[in-house]
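Ligands are counted one by one from 1 in listed order, and the atoms in each one are counted from 1 as well. Keep in mind that what you see is a predicted model, and the values were worked out from it rather than measured.
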Amino acid sequence: MSISKILQEPTLGSVITVKGWVRSFRSNRFIALNDGSALANLQCVVDFEKEDEAQLKRITTGACLAVTGELVESKGKGQSVEIIVSSFEVLGDAPVEEYPLQPKKHSLEFLREIAHLRPRTNTFGAVFRIRHALSFAIHNYFNKEGFFNWHSPIITGSDAEGAGEMFRVTTLPNGTDQESSEDFFGKETHLTVSGQLEGELGAMGLGKIYTFGPTFRAENSNTTRHLAEFWMIEPEMAFFDLEMNMDLAEDFLKYTIQHVLDNCRADLEFLDKRFADEQKGKPQNERAEQGLIEKLEFVVSNDFVRLSYTEAIEILRNCKPNKKKKFKYLINEWGADLQSEHERYLVEKHFKAPVVLFDYPANIKAFYMRLNEDEKTVRAMDILFPGIGEIVGGSQREERYDVLKQKVADVGIPEEELWWYLETRKFGTCVHSGFGLGFERLVLFATGMGNIRDVIPFPRAPKSANF
Ligand code: 4AD
Ligand code: MG
C-alpha cells in the first residue's frame with residue numbers, strides 16, 4: 001500500500017506492509033520511510049532490543065526497506081499514525097560512507113550532478129509530483145473542451161518553422177561527405193523545434209487539436225529559462241481568431257494552476273516555504289513581492305492585462321530604467337524586439353500581473369502569422385508571467401493563400417519545402433489560431449523553482465547531456 005493512501009485513509013489496527021526508502025533513522029528506533037507517493041514520510045517504530053544488531057545497522061539513509069507491522073495512532077508529535085514494526089527486510093543497502101544524499105541541506109547545483117538520485121529528495125519529489133499534476137490537468141482541460149490529442153512528428157524533414165537552431169538526425173557515419181540523398185530518409189532531417197505546422201494540418205480536419213510532445217532547440221542559450229530539449233503544448237483551432245485564442249490561453253493557464261492549488265497542497269506548502277527562505281537570501285530589491293501560493297492564487301483570480309505591442313513600446317520608452325539607461329537594450333523606437341528585461345519590467349514592475357501582448361511588428365515574428373490591415377503588424381500574442389517572462393507564444397495564422405505564398409518567398413523558404421502547408425490554404429482554408437506553452441516554464445512558475453534545469457528530470461543544455 002502506498003504511504004499517501006495510508007495517511008489519507010488510515011486503517012488503524014490493521015497489519016500492513018510498506019516499501020520505501022529510509023530518509024532517516026533516529027535513536028535506533030524511529031525510521032522515517034518515504035515511498036515517493038507523497039511528501040510525507042511514514043514513521044516506523046522498531047524495538048531495537050528485539051532486533052538483530054547487524055540487521056539494524058543496515059537501516060541507513062537511502063536504504064530500501066519492506067516494513068511490516070500494525071498501524072497505530074502515534075503518540076509522538078509530527079505525525080498522526082505510525083507503524084509498530086513486527087518485521088522488516090532490507091531490500092537494498094545504501095552504505096553510509098558512499099551514499100551522497102545524507103539528511104542535510106544539499107545545494108541544487110550539487111543535486112543536478114546526482115540527478116539519478118535527486119528524485120529521492122523532498123524538493124524534487126514535490127516538483128515532479130506537481131509536474132505530473134500539471135500534465136494531467138492539461139490533458140483533462142483539452143479533453144473536456146473537445147480537443148483531440150494530436151501527435152506531430154519528432155523527426156522532421158521540413159526546416160520551415162524558423163523557431164530556433166535545429167539538431168541534425170542522420171545515420172551517415174562521422175566524417176564522410178556523403179550526400180543527404182544517401183542518408184536514412186533520403187534527405188536531410190532534424191529534430192522538431194515545434195509541432196505547430198503539422199498541428200495546423202490536424203486542426204484543418206479535426207477542428208480542435210493539441211500536441212504535447214518534446215521539442216528541441218540547438219540555440220546556445222545558457223539561461224535559467226532555456227533547455228535544448230523541452231516539452232511543448234500546442235493547441236490549434238479552426239475558426240478561432242486572435243481574441244478567442246487569447247481567451248482560451250488565459251482560461252487554460254488558470255485551469256492548470258487551479259488544479260495544482262486544489263490537488264497538490266502539501267507539496268505546494270513545502271515549496272512555498274522553500275521559496276520564502278530563498279527570498280530571504282536575496283537583496284531587498286530582488287525579492288518577490290508575493291509568496292508562491294499567494295502568486296498562484298493571484299494569477300487564477302485576476303484578469304490578465306492585454307495590450308498591443310505599440311502600447312507596450314510607449315510604456316517602455318518612457319519608463320525610468322529606459323530613461324536612466326538601466327536596461328541593457330534601450331528602447332528607442334517602434335519595431336525593437338523585446339528582451340526579457342523589458343518583458344519582466346512590464347509584468348513585475350508596471351502592471352504587477354500577467355500580461356498578454358499582441359499585434360507585434362511583422363518583421364520580428366514568424367512568417368505564418370496573419371498580417372493586419374496596417375501591413376506592418378501581425379496577429380501575434382505572447383503571454384508574459386511574473387518571474388518567468390514569456391510562457392506562451394501564439395498567433396492567428398495567415399489563412400490567405402496569396403499572402404502566405406508571398407511571405408514564404410520573402411523569408412526565402414523554397415516553396416517545395418512547404419507545399420503541403422500551402423495546400424491547406426489552397427483547399428478549404430479558414431481562419432484559425434493556436435499557441436505554444438513551454439511546459440517547463442509552467443512547471444517553473446507553479447513550483448517557484450529558480451532554474452528550468454530543476455523542473456525536468458534530466459535536463460539537456462549546452463555541454464550538458466548526462467544521464
Ligand atoms: O514562442 P515559441 O518559439 O513558439 C512556437 O514554437 C510556436 N510554434 C508556438 C505555436 O504558436 N504553436 O515557443 C513557444 C513557447 C515559449 O513561449 C516558451 O514558453 C517555450 O515555448 N520555449 C522554451 N522553453 C524552454 N526552453 C526553450 N529553449 C524554449 N523556447 C521556447
Ligand atoms: Mg516566442
I want to know if ligand 1 touches Gly438 in the polar sense, i.e. an N/O pair below 3.5 angstrom. yes
Q) In terms of side-chain geometry, is the basic nitrogen of Arg217 or Glu229 positioned less than 4.0 Å from the acidic oxygen of its partner? A) no
Within the 4.0 Å heavy-atom cut-off, what Phe230 brings close to ligand 1 is side chain
Is Met232 in polar range of ligand 1, meaning some N or O pair under 3.5 Å apart? no
CG (Asn451) and CD (Glu440) are apart, to the nearest 0.5 Å, by 12.0 Å
Under 4.0 Å from one or more heavy atoms of Gly394, ligand 1 contributes atoms 11 (O)
Check whether any N, O or S atom of Glu390, backbone or side chain, sits closer than 2.8 Å to the Mg ion (ligand 2).
-> yes
Below 4.0 Å from ligand 1: does a non-hydrogen atom of Glu200 turn up there or not? no
- prompt: Is the shortest distance from a heavy atom of Ser395 to ligand 1 less than 4.0 Å?
  reply: no
Distance col, row Arg317:CZ vs Asn332:CG, nearest 0.5 angstrom, shows 8.5 Å
Numbered in order shown, the ligand 1 atoms found under 4.0 Å of a heavy atom of Gly393 are 9 (C), 10 (C), 11 (O), 17 (O)
Atoms of ligand 1 under 4.0 Å from any heavy atom of Arg397, numbered from 1 in the order shown, are 10 (C), 11 (O), 12 (N)
Do the rings of Tyr141 and Tyr255 sit parallel, tilted or perpendicular, given the 30° and 60° boundaries? tilted
Is there a heavy atom of Tyr368 sitting under 4.0 angstrom from any atom of ligand 1? yes
Checking heavy atoms under 4.0 Å, the part of His226 that sits near ligand 1 is both
Going by the 4.0 angstrom heavy-atom rule, the piece of Glu219 near ligand 1 is side chain
Honestly, for Val392 the part within reach of ligand 1 (heavy atoms, under 4.0 Å) is backbone
**NZ or CZ of Lys426 within 45° of Trp419 ring axis and under 6.0 Å** = no
Assess Lys295 against Phe445: is NZ or CZ under 6.0 Å from the centre of the six-membered ring, and within 45 degrees of the ring's axis? yes
| message | Is it the case that ligand 1 has an N or O less than 3.5 angstrom from some N or O of Leu227? | response | yes
In terms of its nearest heavy atom to atom 6 (O) of ligand 1, the top option of Glu390, Gln196, Glu234, Arg217 is Arg217
Query raised in the report: If we ignore angles and hydrogens, is there a donor and acceptor under 3.5 Å between the side chains of Asp359 and Ser308?
Result: no
Salt bridge or not between Asp267 and Arg131? Use side-chain N to carboxylate O under 4.0 Å. no
### Task
Begin from the C-alpha positions of His190 and Phe167 and carry the test ring pair (Phe, Tyr, Trp, His ring centres under 6.0 Å) through to its verdict.
CA-CA 5 Å; His190 300 93; Phe167 290 101; 9.8 Å; no
Problem set entry | Glu278 vs Lys282, salt bridge (Lys or Arg N to Asp or Glu O under 4.0 Å): CA-CA, chis, key distance, verdict | CA-CA 7 Å; Glu278 210 175 61; Lys282 290 185 174 178; 5.1 Å; no
